[in-house]
Amino acid sequence: MTAPPAGAPEQEGAAPARGLRFPSALTILALVTVAIWLLAFLIPAGRYDRNADGAPLAGTYHRVEGGRSLTDRLDDLFLAPVNGLYGIQDPATHEVGPSLTGALYGSAGVFLFVLAIGAFITVVFETGALDRGIARLAHRLRERGALLIAAVMVVFSVLGTVEGFAEETLGFYGLLVPMMLALGYDRLVAVGASILGAGIGVLCSTVNPFATGVASSAAGISLGDGIVLRFAMWVVLTAVTVLYVIRYARRVQRDPDRSLCGFLPGDLDRKAEADADAEPRLTRLHQAVLVLLVLVFAFMIFSVVPWSSALTGKADATPYAWELGWSFPQLSALFLCAAVLVGLVARMGEARLSSTIIRGAADFVSPALVIMLARGVTVIMNNARITDTVLHSIEGAVKGTSSGLFAVIVFLVNLPLAFLIPSTSGHATLAMPILAPLADFAGVSRAVVVTAWQAASGWMNLWVPTTAVTIGGVALAKVGYDTYLRFVWPLLAVLLVLICGFVALGAAM
């Protein structure tokens, strides 16, 4: 993946150092698809009885006939990507296929939404407003180093929690590295501010459509469910992370010899050059685009939050008359319209605006395809009738555990999955159909499972070398990956404990 303006929020696999290459999320999911298809020959078919909402009932699992011939199974494998996009589930047989009649089972809604938000984000970057806004903020606060670090990290964290801002940070190293050196810090401070600032926002995604949105959709709940817990996590974990980076920065500023990464030739001269820099100018156009950006994401949050439930604490509360209750179809239309509106305000012209929207959607095809392939895996499991069998195999582990312990187990189980599938959307689409029903057995809200899952994915993506954000960031800043690990591991340990505490508390509430 590349830096802005065409940076997709997905965290795809990147090439680690020394010539080794970890497979991309698309390759991993293709291999998973074949592996699950082969395992379906060995795993017996089974099914749970379900309630009116479609949730499986604990203790009702029973074996059923698979009913799939070799030809049918080959057809499932061949059509897995197609079914993952627009497969239809028959209400009587529960089979999924592109030509059946029933409810949409595929991820077409999420697929289009990813392309729509890709178009919007790319148009915003094309105006230069976001780049210039952050550059201006950094320049104005350059004499107050701790405040600058906090401001950059909070801005990145806010963008991460609402729209999955992560790989876009790669475009800011050219600004942040000289700025941090000018303040008397080292290159590792710029790395920490970028990777950890945006990463902690993604870890605590409140309404991030690529993490919370996809996972909530796969879990069959609203994007706004669990937002209070996720917001509390975001506040606490962001504060802890900001303080951690500032503490290290001040230590280096007081004694440069305590820098973990050291200084390259010319680094220590940056401070003397700082006063010669001119302040980036924020034009009226940039101001207007930034206002539109804030309004669009604020409206998205307003439109998806179940306000009656959030304000009363009752899951079955009657929606207020002013609640919108929007989902992916409406949000797709919102971001497409917003992309056009930003283009009109920026006076791009028809040709430039059209090409930018097309380029933005094209840059986001990769995460959209990941979602489609992951959904195709669940279709294979569904048609082979082994999803409930897999669920039953771990039902016993859930039985008898406290709600808090259950939430922590869900978090820990997802850590190795996040390493293998660094794509948050692909991980969610693949894992959530299995994990979400477990919450019903444990008497825990499915929103807690979504929170535990995204925390596991976000925690891993703060350090694993399979993400472009991490490996690309340290390369751009000219900091060794091993040095970054030495810097970040104490924080990772603290975050691990805090996350377990939050998800356990959320399950117990």
Side-chain angles (χ1 to χ4, degrees), residues 8-10 25-34 36-37 40 54 67-68 71-120 209-223 304 326-336 357-358 360-387 421 423-434 436:
E10 281 301 310
L26 289 171
T27 302
I28 291 173
L29 284 171
L31 295 174
V32 169
T33 300
V34 176
I36 294 298
W37 181 77
R68 308 296 289 175
T71 301
D72 293 333
R73 291 177 183 268
L74 288 170
D75 193 54
D76 287 340
L77 177 62
F78 180 63
L79 292 177
V82 176
N83 283 325
L85 182 62
Y86 62 88
I88 305 297
Q89 186 170 41
D90 185 281
T93 65
H94 301 287
E95 182 180 344
V96 176
S99 58
L100 300 178
T101 302
L104 177 66
Y105 189 89
S107 58
V110 184
F111 187 96
L112 178 59
F113 176 65
V114 170
L115 301 186
I117 198 172
F120 172 71
F210 303 101
T212 312
V214 174
S216 297
S217 174
I221 60 175
S222 165
L223 178 62
V304 300
W326 279 14
S327 188
F328 288 109
Q330 295 86 354
L331 294 179
S332 298
L334 169 66
F335 280 102
L336 286 174
I357 289 176
I358 292 171
D363 286 335
F364 280 61
V365 165
S366 178
L369 288 176
V370 164
I371 295 170
M372 180 186 74
L373 285 179
R375 193 60 169 172
V377 174
T378 66
V379 171
I380 290 176
M381 297 176 65
N382 175 85
N383 286 357
R385 301 183 182 180
I386 64 171
T387 301
I421 309 176
S423 162
T424 52
S425 300
H427 183 185
T429 310
L430 187 64
M432 207 51 61
I434 299 295

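Along the sequence shown, residues are numbered consecutively beginning with 1. It should be emphasised that the depicted structure is a prediction, and the values quoted were computed from it without experimental measurement.
Residues satisfying the ring-ring contact (aromatic ring centres under 6.0 Å, His included) criterion with F335, sequence neighbours excluded, are F113, F120, F297. Residues that satisfy the side-chain contact (heavy atoms from CB on, under 4.5 Å) test with A119, not counting sequence neighbours, are I357. With sequence neighbours left out, I358 forms a side-chain contact (heavy atoms from CB on, under 4.5 Å) with no residue at all.
Between N83 and P98, the shortest heavy-atom distance links the atoms OD1-CD, 3.0 Å. Closest approach of A361 to L115, counting heavy atoms only: O-CD2, 3.4 Å. Contact detail for M432 and A215: the closest heavy-atom pair is CG-O, 3.4 Å. Among all heavy-atom pairs drawn from I380 and I36, the shortest one is CG2-CG2, 4.3 Å. When all heavy atoms are compared, the tightest approach of R73 to W37 is O-NE1, 2.7 Å. Heavy-atom minimum distance, P91 versus G102: CD-CA, 4.0 Å.
The CD1 atom of I117 lies 9.0 Å from the CG atom of L334; values are rounded to the nearest 0.5 Å. For the atom pair D76 CG and R68 CZ, the distance stands at 4.0 Å (nearest 0.5 Å). Atom CG of L74 sits about 11.0 Å away from atom CG of L79, to the nearest 0.5 Å. The structure places OG1 of T101 at 7.5 Å from CG of D90, a figure rounded to the nearest 0.5 Å. For the atom pair CG of L77 and CG of N383, the computed distance is 12.0 Å after rounding to the nearest 0.5 Å.
A distance-only check finds no donor-acceptor pair linking the side chain of S216 to the backbone of G213 [under 3.5 Å].
A heavy-atom distance below 4.5 Å is found between the side chains of I88 and L104.
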side-chain contact (heavy atoms from CB on, under 4.5 Å) between F111 and L369: does it pass, once the steps are laid out? CA-CA 8 Å; F111 187 96; L369 288 176; 4.2 Å; yes
